[in-house]
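Heads up, the thing below is written out as structure tokens.
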Amino acid sequence: CVMIISTMETQVSNGPTSNSSLPNGPLISANGATDDSKTNLIVNYLPQNMTQEEFKSLFGSIGEIESCKLVRDKITGQSLGYGFVNYVDSNDADKAINTLNGLKLQTKTIKSLLAFMPTFSLLHQIGSPTTPLKI
């Protein structure tokens, strides 16, 4: 437990692994709310013994978190190796992707990316059953 946190803090403090950052700020909807598609991350390949507290601590070191959840098996309570983090600010989500994507924890290399909800947006891009596929 302590070793995971120590390794995470060392690697996070070394800064981003990439200098690329997205130029756009938070997308604001018509009602003034921030668009979750720019702040909500899915994080894959987490160590199975990582706790909710360690997960929150790691991603909370980047910026203010609105919510986070380490996904566990409902019966055994065993981590399924992935989770979700929703930041308050999209700039923090971008920073978390650039800083933590590719971070090595134990035998795993985590992958952090925006968690899109592929409903209307996906159908719009690939076509729906009533419209021809756009190639």
Side-chain angles (χ1 to χ4, degrees):
C1 246
V2 173
M3 185 163 179
I4 293 173
I5 292 292
S6 172
T7 302
M8 291 185 299
E9 287 173 350
T10 300
Q11 291 181 7
V12 169
S13 67
N14 289 338
T17 57
S18 166
N19 287 333
S20 66
S21 62
L22 300 176
N24 300 330
L27 182 61
I28 306 296
S29 67
N31 67 0
T34 303
D35 181 1
D36 278 356
S37 70
K38 303 291 184 190
T39 59
N40 194 25
L41 306 183
I42 183 167
V43 184
N44 294 300
Y45 309 112
L46 295 167
Q48 287 198 320
N49 62 346
M50 183 176 234
T51 67
Q52 173 73 29
E53 293 75 26
E54 291 169 333
F55 182 58
K56 185 173 185 176
S57 175
L58 175 62
F59 283 85
S61 69
I62 301 295
E64 185 179 352
I65 293 175
E66 184 175 301
S67 63
C68 75
K69 173 135 180 96
L70 181 62
V71 180
R72 298 189 171 279
D73 182 280
K74 291 179 182 179
I75 297 169
T76 66
Q78 178 88 17
S79 169
L80 295 179
Y82 72 98
F84 296 92
V85 178
N86 192 11
Y87 283 96
V88 172
D89 186 327
S90 66
N91 292 321
D92 290 334
D94 292 339
K95 185 177 176 186
I97 291 169
N98 291 328
T99 304
L100 300 175
N101 189 43
L103 179 71
K104 292 190 187 316
L105 297 176
Q106 298 175 4
T107 61
K108 303 280 189 167
T109 301
I110 67 172
K111 183 168 180 80
S112 306
L113 59 145
L114 288 172
F116 294 105
M117 293 188 193
T119 52
F120 175 76
S121 175
L122 181 61
L123 287 176
H124 180 69
Q125 290 175 2
I126 64 171
S128 69
T130 59
T131 61
L133 184 63
K134 297 175 186 171
I135 299 178

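Computed from a prediction, not measured in an experiment: that's the story for all the values here.
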>> Apply side chain to side chain contact (heavy atoms under 4.5 Å, CB included) to residues Ile110 and Asn101 and explain how you reach the verdict.
In response: CA-CA 6 Å; Ile110 67 172; Asn101 189 43; 6.0 Å; no
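- Hydrophobic clustering (side-chain heavy atoms under 4.5 Å, transitive across Ile, Leu, Val, Met, Phe, Trp, Tyr) keeps Tyr82 apart from Leu103.
- Minimum heavy-atom separation, Ala96 to Tyr87: CB-OH, 3.4 Å.
- Here CG of Asn49 is found 7.0 Å from CD of Glu54. Values are rounded to the nearest 0.5 Å.
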Could you pull out all donor-acceptor pairs under 3.5 Å where a side-chain atom in residues 66-73 meets a protein atom, sequence neighbours excluded?
unit_1, atom_1, unit_2, atom_2, d
Arg72, NH1, Gly77, O, 2.9
Arg72, NH2, Met50, O, 3.3
Asp73, OD1, Ile75, N, 2.7
Asp73, OD1, Thr76, N, 2.8
Asp73, OD1, Thr76, OG1, 3.3

> Checking side chain to side chain contact (heavy atoms under 4.5 Å, CB included) for the pair Ile62/Val85: CA distance, chi angles, key distance, verdict?
Replying inline: CA-CA 11 Å; Ile62 301 295; Val85 178; over 6 Å; no
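- Counted within 6.0 Å of CD on Glu64, heavy atoms from surrounding residues, nucleotides or ligands total 12 or fewer; the atom is thus considered open.
- The cluster map of Ile, Leu, Val, Met, Phe, Trp and Tyr, joined by side-chain heavy atoms under 4.5 Å apart, puts Phe84 and Tyr45 in different clusters.
- Considering NZ of Lys111 and CG of Leu100, their distance stands at 13.5 Å, rounded to 0.5 Å.
- A single hydrophobic cluster is not seen to contain both Leu105 and Ile42; linkage of ILVMFWY side chains at heavy-atom distances under 4.5 Å, directly or through other members, places them apart.
- By the 4.5 Å heavy-atom criterion applied to side chains, Leu113 and Asn44 are counted as neighbours.
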> Step by step, would you call Ser79 with Phe55 a side chain to side chain contact (heavy atoms under 4.5 Å, CB included)?
Replying inline: CA-CA 11 Å; Ser79 169; Phe55 182 58; over 6 Å; no
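- Looking at Leu41 and Asn86, their side chains never come closer than 4.5 Å, going by heavy atoms from C-beta outward.
- The distance from the CG atom of Asp94 to the OG atom of Ser112 is 12.0 Å, given to the nearest 0.5 Å.
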